[in-house]
Amino acid sequence: MEYLDLSLRLFCALVAGALIGATRERIYKPAGLRTHSLICVGAAFITVLSTTVFVTAEHGDPGRVAAQIVSGIGFLGAGTILKKGFSVKGLTTAATLWVTAAVGMGFGSGEYLLSVVVTVFALLIVLFLKRIELFIGGRNLPRVLIVAENSQETSRKVSEWFKDNGLTVESMEIEEDDEVLSLLVEVSKGDAIKVKNIMVGLSTLKGVKSAELR
C-alpha cells in the first residue's frame with residue numbers, strides 16, 4: 001500500500017504538470033508540456049525520496065533535500081528569461097516553472113487537496129488573467145513588440161497599419177542595428193481588445209518578422 005500511495009503521488013504530479021504545461025504549449029512557449037511534466041514529477045520524486053529514504057528515526061532532515069528544489073528551479077527559470085533591447089521575455093514561463101515545482105513538492109509530500117487547489121489556481125491565472133488584464137488595461141498601456149527588417153519602407157508600413165486600423169499610438173520606442181528594427185508601440189487602453197484581435201494582420205506585413213502583444 002505504501003508503494004501504491006507513493007506511485008499515486010507521482011502520477012498526480014505528472015497530470016498536474018501536464019495540465020499546466022499544456023497551457024504554455026498551446027501558445028508556443030519554450031517550456032511546454034514535456035518540460036512542466038518533467039519538473040512536476042521530478043520535484044514530487046525528490047520530495048518523496050527526502051521524506052522516505054533520506055531520513056530515518058535516528059537522523060536526517062526531511063526538508064533538506066527538498067529545499068534544494070526551490071533554488072534549482074530558480075536557476076532553470078532564469079534560463080527562460082531573455083532580455084533583448086527594451087523587451088524582457090520569459091518571466092511568466094519562469095513563474096509557471098516555479099509554481100509547477102511547488103505543486104510537485106505538494107503531491108510528493110502527500111498534500112493532495114492543497115496541490116490540486118494550487119494547480120487549479122495556476123490554470124486560472126495563465127488562462128484567464130491575461131484577458132482580464134487586457135480588458136481593464138493592465139498596469140500599463142497595451143504594448144506591441146514588432147521585430148522587422150531595418151528599412152524606411154517597413155517603418156512606413158507599420159505606422160500606416162496602426163493608422164489604417166484606427167489604433168491610437170501613445171508612444172513608440174525604436175531600437176535598431178544594421179539588419180533588424182525593433183519597435184515597441186504603446187496603444188491606448190481602449191484599443192487593447194481591438195489590437196489583440198487584429199494582430200495577425202500586422203504579422204503578415206512585408207518585412208515584419210514577428211509581432212507580439214506584451
Side-chain angles (χ1 to χ4, degrees), residues 1-84 87-136 138-139 196 212-214:
M1 283 299 292
E2 181 181 0
Y3 278 101
L4 181 61
D5 177 59
L6 296 180
S7 298
L8 179 61
R9 297 182 190 184
L10 298 179
F11 177 74
C12 290
L14 173 61
V15 173
L19 288 174
I20 297 174
T23 65
R24 311 303 292 167
E25 187 80 33
R26 70 186 183 90
I27 53 177
Y28 309 107
K29 294 300 181 180
L33 180 64
R34 290 179 298 172
T35 303
H36 285 79
S37 299
L38 286 169
I39 286 176
C40 200
V41 73
F45 184 51
I46 293 173
T47 303
V48 168
L49 290 179
S50 68
T51 56
T52 59
V53 178
F54 301 142
V55 62
T56 65
E58 293 79 19
H59 67 278
D61 179 3
R64 186 172 183 179
V65 176
Q68 307 311 309
I69 299 173
V70 178
S71 57
I73 293 299
F75 282 107
L76 185 61
T80 67
I81 301 174
L82 301 174
K83 185 178 187 302
K84 183 178 181 181
S87 174
V88 178
K89 301 177 65 176
L91 289 174
T92 302
T93 298
T96 57
L97 291 176
W98 186 78
V99 171
T100 300
V103 169
M105 293 177 67
F107 279 116
S109 61
E111 292 290 344
Y112 292 100
L113 181 58
L114 282 178
S115 300
V116 169
V117 170
V118 173
T119 301
V120 172
F121 284 170
L123 292 173
L124 290 175
I125 290 170
V126 297
L127 288 174
F128 300 112
L129 285 196
K130 180 67 173 180
R131 301 177 186 179
I132 296 174
E133 188 178 59
L134 288 174
F135 179 77
I136 65 178
R139 294 167 296 177
K196 179 185 178 183
E212 180 182 357
L213 185 63
R214 306 296 290 176

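Along the sequence shown, residues are numbered consecutively beginning with 1. This structure is a prediction, so every number in the text was calculated from the model and none was measured.
- Checked against side-chain hydrogen bond (donor to acceptor under 3.5 Å, both in side chains), Thr96 has the following partners two or more places apart in sequence or in another chain: His36.
- For the atom pair OG1 of Thr51 and CG of Leu6, the computed distance is 7.5 Å after rounding to the nearest 0.5 Å.
- When all heavy atoms of Gly104 and Ala13 are compared, the closest pair comes out as CA-CB, 4.3 Å.
- Side-chain N or O atoms of Thr93 include none that pairs as donor or acceptor with a backbone N or O of Ala31 at under 3.5 Å.
- If you take OG on Ser50 and CD on Gln68, they are separated by 10.5 Å, rounding to the nearest 0.5 Å.
- The side-chain contact (heavy atoms from CB on, under 4.5 Å) with Phe45 is formed by just one residue from the set Thr47, Val41, Leu49; it is Leu49.
- Taken from CZ in Arg34 to CD in Glu25, the straight-line distance is 7.5 Å, to the nearest 0.5 Å.
- By the side-chain contact (heavy atoms from CB on, under 4.5 Å) test, Ala101 is found to be paired with Ile39, Ala43, Ile69, Ile73, residues two or more places apart in sequence or in another chain being considered.
- With sequence neighbours left out, Leu8 forms a side-chain contact (heavy atoms from CB on, under 4.5 Å) with Cys12, Tyr112.
- For Phe11, the side-chain contact (heavy atoms from CB on, under 4.5 Å) partners are Val15, not counting sequence neighbours.
- For the side chain to side chain donor-acceptor pair (under 3.5 Å) condition, no pair includes a residue of residues 117-128, sequence neighbours left out.
- The closest donor-acceptor contact from the side chain of Arg9 to the backbone of Gly108 lies under 3.5 Å.
- Residues that satisfy the side-chain contact (heavy atoms from CB on, under 4.5 Å) test with Ala122, not counting sequence neighbours, are Ile20, Val99.
- Atom OG1 of Thr23 sits about 11.0 Å away from atom CG of Leu124, to the nearest 0.5 Å.
- A distance of 9.5 Å separates CG of Leu10 from CG of Asp5, quoted to the nearest 0.5 Å.
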